[in-house]
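Here's the structure, in structure tokens; my notes come after.
This structure is a prediction, so every number in the text was calculated from the model and none was measured. Index from 1, following the sequence.
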Amino acid sequence: MLRLLTLVFLLFLFSPEAFSQSLRERLGRTYVSSDSVDIIFELEKENLHSANDSGVYWFFVAEDYNRKFENELAHETFLKSAKLLNPEENSDLISLCYIRLNRLEATSGNWDQALYYSQKGLENATAALDSNYMGYALLDISVVYHDMEDYAKGVEYGKKAYELLADFSGARPTFKAFALNAIGINFDDWDKPDSALHYHYKILENIDELDSLRISFTFNNIGNTLLKQQKYQEAKTWLQTAVKVNMKDQNSYSLAANYTNLGTIAYQLRDFQEAEVMMDSAYKYVELSQSTEKMRDYLEEQYLFHKAKGELSAAMGYLEEFTVLKDSIFKEERVKMLGELETKYQVQTKERELAESRAALAENELLVKNRNNQVLLLVVFLLIILGVAFFIYYRQKSKNRHLEQEAKLQQIYAEQETQKKLHEQRNRISSDLHDNIGAQLTFIVSSLDNLKFMELSKESMASKIDQISAFTVETVNELRDTIWAMNKDNISLQDLETRLSTLISKAKNACPQIAFELHFDQNLEKDFLLNSMEGVNFYRIAQEAINNAIKHAGASRIRIYFKGTVDRLQVCIEDNGKGIAGTGFGNGLGNMKTRAERIGRALKIDSEIGQGTQVCIQ
């Protein structure tokens, strides 16, 4: 039979409908399929493809531990889940992790850790702009302060939570109710019953939006406050309502509290028969809940009930049970401690009797001497502590001063390195201006001077002037490129792409028969920065290669593409022209090679006759 059920479950889990669900939805079945939890977890291990998937998986495992009251495993696994979950995809699950961690620490009385996890939850929800879980984190802080009996702070944080949720149009009604409850219980234990009732009643103003099972605590809390005010009939009505709500899901823990309170009202009204019926019901649900806390409350009220009834013998019996139960956690430690104290007392008594029989005076002198030794040891111990503390303080102060000086030196060194690099860049650009622009301008001037001494025909003169004009335009363009580089400390790939696009646009207008293509690999970030020297030389090598392909290769297609990574950028210019004869470097190729070496790169040229040419900066 078990095998058959397992097979049916597996068929359901691997049905097309099940696979259409997300990992989170499939794991969510562990809340309702308690008999299949282990199988679901085992099967879903195969569907974890990312850290976030693992975070979702461990969240539901932690929830299972939490339901089984395996608190240490739950604590460890919620922390593991919170670290793995992606805040952009599952911010709400991270918030729930911190809510659960808060509860686990608060239950153990670790208030500082509980507050820490609430603060972490608040930071996570704030980063995600999730007002619902921001409010929940604040109301958790309110409850922690209530448990620490700092009711003023509890009210303060409860009101912050409620105000935030009340101003948010998408606030969950249940979260708003939780915030109001946090304020109410703080006022209740602060002995401000009117304020407590105001906030408890306020929860019920939106009762149509709420699941009564989620707010059953409200009916009980109102009853508690009225009971403290001795408004027994009103309290009884609210507690009976709480019983009806809690009966729907057989919440034995809450029912134990409800019936205990009803029994208290009954004996306060001297209706001892009713009180006995209520106490019997309370006992039933205390047993079902297996709650030591509820059993303690039940025994205490039974003691007060029988005391009010005048049955002192029975009252004392319940008082004894109450005391035993209250102290049961410490029973073994207390028995051990009492045994040790008894032994120690007997030894001391015998020693004292022996000492008294020998000499009271000698004992007194020894006592004084011991006390003096203890005082001396205490003084020495305090001096040692002060010395160690001073040493630690002085050492830390020296260390901080050293770190500050080191940081300043590193800053100065970084600034010097930056200035050095800028100076080197400016020197390289100046050299480039002198070697290229200067030489070209000198050639232009020389050519113009030579024209004065040449006897040329009108056509030859026009041809010479056209050559000088074209060379002048080329020089002006190079000067513009150099100025473009000098005006920037850095040149981004986006700037380089824009500059090359402009060059290609002009080339297309001049040579419409040639197809141009400019391409950047997807893994290259356009905002990556090159220094100005690298940027201008990449551009000029590409420019020279394009010009060579247009003028000499007879190409119909020219492609420029950037590849590699930003750490090692490669630029290639390839054409489908007639190729380059020979392997040597001419003037144009030699200039490109020089420019590549100037920025610490190599120029690689692959060409075959009739197969085109590829020029790469590596």
Side-chain angles (χ1 to χ4, degrees), residues 9-10 12-14 17-108 110 113-141 143-144 161 165 170-172 174-175 178 211 213-214:
F9 173 76
L10 290 172
F12 168 75
L13 190 63
F14 287 101
E17 181 180 354
F19 266 92
S20 67
Q21 295 177 316
S22 69
L23 173 67
R24 182 169 171 176
E25 289 171 331
R26 296 196 303 274
L27 287 168
R29 291 185 219 152
T30 56
Y31 288 128
V32 293
S33 304
S34 57
D35 295 336
S36 308
V37 169
D38 292 337
I39 298 174
I40 293 173
F41 285 146
E42 189 63 31
L43 291 172
E44 292 300 340
K45 278 184 180 179
E46 304 299 324
N47 299 319
L48 307 181
H49 307 298
S50 66
N52 183 65
D53 287 347
S54 296
V56 173
Y57 175 83
W58 288 115
F59 172 81
F60 286 97
V61 173
E63 286 281 76
D64 186 51
Y65 286 142
N66 199 36
R67 289 192 297 272
K68 295 174 181 176
F69 299 102
E70 297 180 22
N71 294 346
E72 289 187 10
L73 286 172
H75 187 284
E76 176 185 339
T77 312
F78 278 126
L79 277 177
K80 184 176 183 179
S81 172
K83 289 179 182 177
L84 291 169
L85 286 166
N86 185 341
E88 295 181 1
E89 296 182 38
N90 289 293
S91 172
D92 59 330
L93 286 189
I94 297 175
S95 292
L96 283 170
C97 283
Y98 287 124
I99 288 169
R100 301 293 192 265
L101 288 165
N102 164 279
R103 295 285 188 273
L104 290 167
E105 294 292 356
T107 301
S108 302
N110 299 325
Q113 279 298 105
L115 285 174
Y116 169 77
Y117 287 125
S118 293
Q119 187 61 41
K120 293 289 288 182
L122 183 59
E123 290 173 7
N124 173 72
T126 302
L129 301 178
D130 189 336
S131 295
N132 272 309
Y133 282 107
M134 287 167 64
Y136 207 118
L138 289 169
L139 73 88
D140 262 352
I141 293 173
V143 173
V144 171
L165 292 167
R172 297 187 189 178
T174 308
F175 286 12
F178 291 166
D211 179 356
L213 292 176
R214 297 292 303 278

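- Relative ring orientation between Tyr98 and Tyr117 is described as parallel, the plane-to-plane angle staying below 30° on a 0-90° scale split at 30° and 60°.
- Partner of Phe41 under the ring-ring contact (aromatic ring centres under 6.0 Å, His included) criterion, chosen from Trp58, Phe59, Phe60, Tyr57: Tyr57.
- Side chains of Asn90 and Arg24: a donor on one and an acceptor on the other come within 3.5 Å.
- Using a 4.5 Å cut-off on side-chain heavy atoms (C-beta onward), His75 and Leu79 make contact.
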| request: Run the numbers on Tyr133 and Asn124 for side-chain contact (heavy atoms from CB on, under 4.5 Å), then give the verdict. | output: CA-CA 9 Å; Tyr133 282 107; Asn124 173 72; over 6 Å; no
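- Going from atom CG of Leu27 over to atom CD of Glu63 covers 11.5 Å, rounded to the nearest 0.5 Å.
- Note: Asn66 CG to Leu73 CG = 11.0 Å, rounded to the nearest 0.5 Å.
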Discussion item. Could you go through Leu96 and Phe78, starting from their C-alpha distance and side-chain angles, then the distance that decides it, and tell me whether this counts as side-chain contact (heavy atoms from CB on, under 4.5 Å)?
Written reply: CA-CA 9 Å; Leu96 283 170; Phe78 278 126; over 6 Å; no
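- Among all heavy-atom pairs drawn from Ala171 and Leu165, the shortest one is CB-O, 3.1 Å.
- Here the shortest heavy-atom pairing between Ala114 and Glu105 reads N-CB, 3.7 Å.
- The closest side-chain heavy-atom distance from Ile40 to Val37 is not below 4.5 Å.
- Between Ala137 and Ser118 the shortest heavy-atom distance is CB-O, 3.6 Å.
- Taken to the nearest 0.5 Å, the CD1 atom of Ile141 stands 8.5 Å off from the CG atom of Asn102.
- Two residues are said to be in side-chain contact when any heavy atoms from C-beta on lie closer than 4.5 Å; Val61 and Lys80 fail this criterion.
- For the pair Leu85/Asn52, a side-chain contact is recorded, criterion being any heavy-atom separation below 4.5 Å from C-beta on.
- Side-chain contact of Tyr65 with Glu76: a donor-acceptor pair under 3.5 Å is absent, judged by distance alone.
- Summarising the geometry of Ser95 relative to Gly121, their closest heavy-atom pair is OG-O, 4.3 Å, with the distance given to 0.1 Å.
- Here the closest heavy-atom approach between residue Ala161 and residue Leu138 is recorded as CB-CB, 3.6 Å.
- Among all heavy-atom pairs drawn from Pro87 and Ile94, the shortest one is CA-CD1, 3.8 Å.
- Annotation: the span from Glu44 atom CD to Asp53 atom CG amounts to 10.0 Å, rounded to 0.5 Å.
- Annotation: side chain of Asp64 is not in contact with side chain of Glu70 (no heavy-atom distance under 4.5 Å).
- Between the side chain of Ser81 and the backbone N or O of Thr77 there is no donor-acceptor pair closer than 3.5 Å.
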